[in-house]
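One structure is given here, and the rest of the page talks about it.
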Amino acid sequence: MKYSIFLIVAPMAMAFLVPFLGHVMPALSKGLSFLTALAGTVLSVFLLITYKTPFTVIMGGWIPPFGINLHVDMLSLLFATVVYGAVTLGIAFQLSSVVVKKPYFYMLILLLLTSLNGMILTGDLFNLFVFMEIAGISSWALIASGNKTAGVRGALQYMVVASLASVAYLAAIAIIYSSTGTLNMAQISGGLREMNSAMAALAVLLILASLFTEMEIFPFNSWVGSAYRGAPSSISGLLSSAVALAGAYAMLRISYIVFGAGMGNIIRFGSFNITSILFWMGVVTVVTGEASAFTQKDAKRMLAWSSVGQMGMILMAIAIASEKSIYGAVFALITHSISKLLLFMIVGRLVSATGTSDWTRWKGIGRKNSILGIFFIIGALGVTGIPLFAGFWGKFTIIGSAFKSTGSSYLGVYIILAATVMEAVYFLRLAHALFEEPERKPGKVNTGIVFWTCTTLLALAVVIIGVFPAPLDRKIKKIPSELRGDNTSGYISTVYKAMGR
Amino acid sequence: MNNPVFLFGIGAFALMMIGLYGVLTHKNIFRLILSLGLMETGVNLFIVAASYWDGVRAPILGKIFNVKTADSYADPLPQALVLTSIVIGLGVTALALALMIKYREGTGTLEMEDKREEEVEE
């Protein structure tokens, strides 16, 4: 089981090799970066199949808290698999695109892959910060690599917000370390409740602010529109399906392990506590995100704001914090990644074919490319959560958990249902435009065997998960009890066992 | 007042607030990057201040420092954290300046304005 370290190390080693190799044989270096991602996908799927109980890998022979531990459980393995799969398909998509990128582009994708897997596997708060920064630096450079000034503008906006977030996170780390004397998540767990309450509240708020930026939560998401629009479409897809996924993972891990089961007691003003903060931020994010997506005439911005809406829904589920809502949040995150990557791939090709991202000028392009249009509708229904499509099960479970919860969480039912209606309207509006009578002769869409393989795989995944959720369901069912950490198979006891206590 | 932690804390807080003010009020990219740099310096100082122990020695073994027992060591970890964060800050600043130059080449200005929308093609 020590192989899990290769999920981080292999892409990093290749990332250093690719630029040198790129000077001699550019084609080989690009092919190698694809193969690295593919090999990682195979490894993570293998680990997922052979997985039985959570385990901890201790790095370099230094026992935590002096060293850093990687923690592998069902949640991190599932997310690592999704990240690897998404990046593999993203690289394939970019390689089949008409726009030829330099080898440095693939080096940056490999660095992004390294850092996202690091974020997902690490058990140390400062290590998480370092990987968050690497993810940030590589994604800014990747965003800036596309669409001339539009990309650079998006990257700069993202950079300013994300740098503020990293300062906040670092300040929180200083507070936590000076009070608890450790940075290991399992050891800190619950320790925040024993800290000076004002200091603990400050640390929690600073950490939440930075995680909200990673997860694109309102009001830390002003950069989302221009960053997704300016980035090359492969990178927009990865930002939504892999980077936001890793951000949501950090949120899950930190809120349930670091803040601990009694996280409501860290900040409390009457009945208003930290879970209410999470819940209301989620509500505001869903409303503003879906409303922004609804008004967009720019297809890439529309997809970006739709991701924001989904992340808000997932934050609401994290705040409800019941077994069912955790299940729903994880299910929704995975299916959202699959469907959104499919949508960004199709939209990317349509943008290249028409030379504009304004979908009102795409009229009739789906008549000549009907399969493309059908795949778009499949992806749209997958995000929206129509029965028989992948997004349904996650949304359904979250709504069910909101029904059973007490207090203001009940509001989640109405918010999510209203958001679903809006999603259905703006997605199907776009899909309708694709099949309308064309105003001018639509250009030729650049498709090929690679593009069709990628999109068919994703569309099949959306439909198969929607119709037969059982295999994924069996895996995700294990997560809530592993994540809560207050039992023998939980996170904390696994790490303590590895430390020899 | 003579406690160095107090001075460090005030200094760190002031640097962070000056930087935050700069980020919030300026639209010039170079000033934004400068403000972010100030904030990073402030937070580095804050880490040092938050983990300061009075009356301990540098955690280096050897005759010069004459460290006998583990009790008299200062905690070396915050130094490592600060060094790492300084290096990351350097990388971020370098990339930000590179992006700024590219932005200037494309638009002819250093102001961030959101009104303009170029067509995207990929």
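Only heavy atoms go into these numbers, but all of them, side chains included; no hydrogens, no water, no symmetry mates. The chains referred to below are lettered A, B, ... by the order of the sequence lines, with proteins before strands, and numbering in each begins at 1. These figures come from a predicted structure and were not determined experimentally.
- Contacts of R349(A) with chain B are absent, with no heavy-atom separation under 4.5 Å from either backbone or side chain.
- In this structure, the portion of L32(B) lying under 4.5 Å from any heavy atom of chain A is its side chain and not its backbone.
- Listed options L99(B), V120(B), I33(B), V48(B) were ranked by heavy-atom pairs under 4.5 angstrom with chain A; first place goes to V120(B).
- Chain A is approached within less than 4.5 Å, heavy atom to heavy atom, by L36(B), M39(B), E40(B), V43(B) from residues 35-43 of chain B, ordered by number.
- Counted by atom type alone, T360(A) and D358(A) present one or more donor-acceptor pairs between their side chains at under 3.5 Å.
- Side-chain contact, N184(A) with N69(A): a donor N or O sits under 3.5 Å from an acceptor N or O.
- Ion pairing between E119(B) and R361(A) holds under the 4.0 Å rule for side-chain N and carboxylate O.
- Sorted pairs that involve residues 77-96 of chain B and meet salt bridge (Lys or Arg N to Asp or Glu O under 4.0 Å), not counting sequence neighbours, are lacking altogether.
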Under 3.5 Å, which donor-acceptor pairs link side chains of residues 77-91 of chain B to any protein atom two or more places apart or in another chain?
unit_1	atom_1	unit_2	atom_2	d
T84(B)	OG1	A80(B)	O	2.7
S85(B)	OG	N44(B)	OD1	2.4
S85(B)	OG	V82(B)	O	3.4

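- Scanning both residues, R301(A) and S226(A), for their nearest heavy atoms gives NH1-N, 3.8 Å.
- Of the two parts of F66(A), neither the backbone nor the side chain holds a non-hydrogen atom closer than 4.5 Å to a non-hydrogen atom of chain B.
- Of the two parts of V130(A), the backbone and the side chain both hold a non-hydrogen atom closer than 4.5 Å to a non-hydrogen atom of chain B.
- For chain B, the option among S357(A), A171(A), A141(A) with the highest count of heavy-atom pairs below 4.5 Å is A171(A).
- Note on ring orientation: taking the six-membered ring where Trp is involved, the planes of W140(A) and Y158(A) are perpendicular (angle over 60°, cut-offs 30° and 60°).
- Only the side chain of L95(B) comes within contact range of chain A, with at least one heavy atom under 4.5 Å from a heavy atom of that chain.
- With a 4.5 angstrom heavy-atom cutoff, L350(A) does not touch chain B via any of its atoms.
- Contact annotation for A231(A): only backbone heavy atoms (N, CA, C, O) come within less than 4.5 Å of a heavy atom of chain B.
- Checked against salt bridge (Lys or Arg N to Asp or Glu O under 4.0 Å), K148(A) has the following partners two or more places apart in sequence or in another chain: E121(B).
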Assess the residue pair S139(A) and I235(A) against the criterion (side chain to side chain contact (heavy atoms under 4.5 Å, CB included)); give the C-alpha distance rounded to whole Å, side-chain angles, the decisive distance to 0.1 Å, and a yes or no.
CA-CA 8 Å; S139(A) 50; I235(A) 299 307; 5.8 Å; no

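- Counting heavy atoms from C-beta outward, L112(A) and V243(A) have side chains that approach closer than 4.5 Å.
- A donor-acceptor contact closer than 3.5 angstrom is absent between the side chains of D298(A) and Y228(A).
- Within the 4.5 angstrom heavy-atom criterion, atoms from both the backbone and the side chain of V160(A) approach chain B.
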